[in-house]
> 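Sharing a structure here in structure tokens format.
Both backbone and side-chain heavy atoms feed into the values below; hydrogens, waters and symmetry mates do not.
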2 protein chains.
Amino acid sequence: MNRRVLRTYLIDLLKLGAGEKMIRTPTTHLSVVFGVSQQSASRILNELAKEDYIFKEFRDGNIWVILTEKGMREVEEYMKYVVDAYEHPGTIVMEGYVESGMGEGAYYISKRRYQIQFKDTLGFYPYPGTLNVRLKDPYYISQNRFLRRLPGYKIKGFRTKERIFGGAKVFKALVEDKIEAGVVYAERSIHGFDVVEVISPVYLREALNLKDGDKVRVSVLLNAD
Amino acid sequence: MNRRVLRTYLIDLLKLGAGEKMIRTPTTHLSVVFGVSQQSASRILNELAKEDYIFKEFRDGNIWVILTEKGMREVEEYMKYVVDAYEHPGTIVMEGYVESGMGEGAYYISKRRYQIQFKDTLGFYPYPGTLNVRLKDPYYISQNRFLRRLPGYKIKGFRTKERIFGGAKVFKALVEDKIEAGVVYAERSIHGFDVVEVISPVYLREALNLKDGDKVRVSVLLNAD
DNA sequence: ATTACTAAAAAACGAGTAA
DNA sequence: TTTACTCGTTTTTTAGTAA
């Protein structure tokens with residue numbers, strides 16, 4: 001049974017109160033809550049316990065359960081996702097903190113072959129430089145990991161006499177909900193999932209008066225044609 | 001594929017922006033969003049469309065989808081449920097409006113054989129009368145439907161020389177988050193899922209100064225030992 | 001590039017039942 | 001009453017592939 005559906009059963013257990021204290025949960029009762037047979041309810045509890053989402057104990061003829069730390073984290077992340085899907089449909093919102101890059105972003109972005117492709121896909125020639133945004137909230141990191149798996153616009157690599165310039169993937173975005181921008185994932189990225197590289201037609205640090213460590217919001221537009 | 005898991009895919013589509021306008025969703029892309037194969041993504045879309053949760057169209061080589069009204073309702077109800085599970089664990093909260101019953105509630109509740117059982121299960125002898133609360137919000141109605149399927153405490157029926165008194169099921173509850181109460185479901189109830197019958201050791205109308213039509217909150221405690 | 005069919009494998013399910 | 005095993009059935013999944 002996969003995580004996707006296990007999560008939904010975790011929510012049910014949370015609703016019954018298993019997030020706070022051990023509760024008595026005869027599988028015969030759970031079967032009506034889960035909408036499955038008693039046998040399946042039993043199996044589901046065992047799978048949840050095996051995955052360490054719940055702690056399960058047999059006491060005087062009954063099963064008692066409580067969500068584990070891992071189970072609570074799972075449920076909280078899932079709730080955030082559901083609410084987020086409703087409140088921010090079509091966009092992936094991430095908040096993080098401005099960070100100084102190595103300055104090599106500027107070098108890459110300024111290459112004419114890249115510039116042309118950015119204009120074609122995003123609609124603007126980017127200012128030569130990237131704004132690195134470091135994510136701290138685990139939820140935003142998971143969102144970034146998710147985003148990086150999506151297709152986006154393909155930026156093709158190329159080679160000059162001297163060296164090879166790798167390909168990338170880019171998404172339309174907004175910074176601080178107002179400034180047109182793009183989020184770039186280099187194919188051979190040096191960053192982990194906790195860093196987002198942002199480009200824009202304007203020099204963002206100036207336009208938004210940003211200093212290292214300032215909080216900034218990046219909203220990726222998933223359906224910007 | 002059951003409602004439980006279809007809902008989770010609906011959330012994903014909502015996140016992609018399919019709640020607002022038609023979006024292009026190649027099954028090859030969806031497969032990474034859903035975490036399944038391309039073939040399954042295709043099948044899932046077809047099932048969602050068959051259940052009328054989404055409208056799906058094939059246009060110049062791509063699939064475009066948008067959530068239907070039914071899909072949006074489903075997603076909204078599910079979100080409420082998830083948030084509710086997190087914010088009100090272990091209780092089922094329902095809000096409704098005070099209504100006049102036929103007065104027969106009082107007749108039943110006052111029967112000694114019932115009174116004793118209420119004292120045993122709820123811990124109090126109920127005031128002879130019930131407060132009928134009519135639910136309007138569809139979410140509360142669905143919660144009530146759900147609750148009515150749970151076991152609760154069994155109240156046994158009995159017979160006198162004159163007639164038969166049916167069995168019931170009772171849950172511990174709080175009215176307005178403060179007054180000790182019980183929610184009763186008669187086995188042969190005359191009410192639909194939009195009415196909750198509340199009993200209490202005190203005369204609720206007086207204690208809370210309630211008149212017909214007043215809004216009242218009933219919180220059923222699922223784990224009150 | 002797509003979508004979605006077929007066929008075969010894998011996973012999930014519940015009836016029956018023992019403990 | 002419980003839980004959870006076995007086992008036969010159904011459902012779900014994906015690889016291969018045609019269109």
> In whole angstrom, what separates A/R43's CZ from D/dT6's P?
13 Å
> In whole Å, what is the span from the CG atom of A/N46 to the P atom of C/dC13?
14 Å
> Is the distance from OP1 or OP2 of C/dT3 to the nearest side-chain N or O of B/T27 less than 4.0 Å?
yes
> Atom CZ of B/R59 and atom C1' of C/dT3: how far apart are they, to the nearest Å?
16 Å
> Check whether any side-chain N or O of A/S40 sits under 4.0 Å from OP1 or OP2 of C/dG14, and answer yes or no.
yes
> Quick check on B/Y81: does its OH atom have over 12 non-hydrogen neighbours (other residues, nucleotides or ligands) under 6.0 Å away?
yes
> Whole Å only: how far is the CZ atom of A/F34 from the C1' atom of C/dG14?
16 Å
> Donor-acceptor pair, distance only, cut-off 3.5 Å: does the side chain of A/T130 make one with the backbone of A/N132?
no
> Hey, is the side chain of B/K154 poking within less than 4.0 Å of OP1 or OP2 on D/dT1, counting only N and O atoms?
no
> Is it possible for you to check whether A/R4 lies under 6.0 Å from the centre of the six-membered ring of B/Y9, through NZ or CZ, and within 45° of that ring's axis?
yes
> Which nucleotide sits closest to the side chain of A/S42: D/dA4, C/dT3, D/dT2?
D/dA4
> Can you measure A/Q38 atom CD to D/dT2 atom C1' for me and round it to whole angstrom units?
9 Å
> Which residue, A/T28 or A/N2, contacts DNA chain D at a nucleotide closer to its 5' end, judged by nearest heavy atom?
A/T28
> Identify the nucleotide, in any strand shown, that forms a Watson-Crick or G-U wobble pair with D/dT1, with both distances under 3.5 Å; if there is none, say none.
none
> Please report, rounded to the nearest Å, how far the P atom of C/dA12 is from the NZ atom of A/K50.
9 Å
> Nearest to the side chain of A/K56 - C/dT2, D/dT13, D/dA4?
D/dA4
> Check whether any side-chain N or O of A/S37 sits under 4.0 Å from OP1 or OP2 of C/dC13, and answer yes or no.
no
> For B/Q39 and C/dT3, what is the distance between atoms CD and C1' respectively, to the nearest whole Å?
10 Å
> Tell me which nucleotide among C/dT2, D/dT13, D/dT3 gets nearest to the side chain of B/P26.
C/dT2
> Less than 4.0 Å between a side-chain N and a carboxylate O, is that true for B/E77 and B/R73?
no
> Whole-Å distance between C/dA11 P and A/L6 CG?
14 Å
> For the side chain of A/H29, counting heavy atoms from C-beta on, which of D/dT2, D/dT14, C/dA4 is nearest?
D/dT2
> Check this for me, if you would: do A/E187 and A/K154 make a salt bridge, where the nitrogen-to-carboxylate-oxygen distance has to be below 4.0 angstrom?
yes
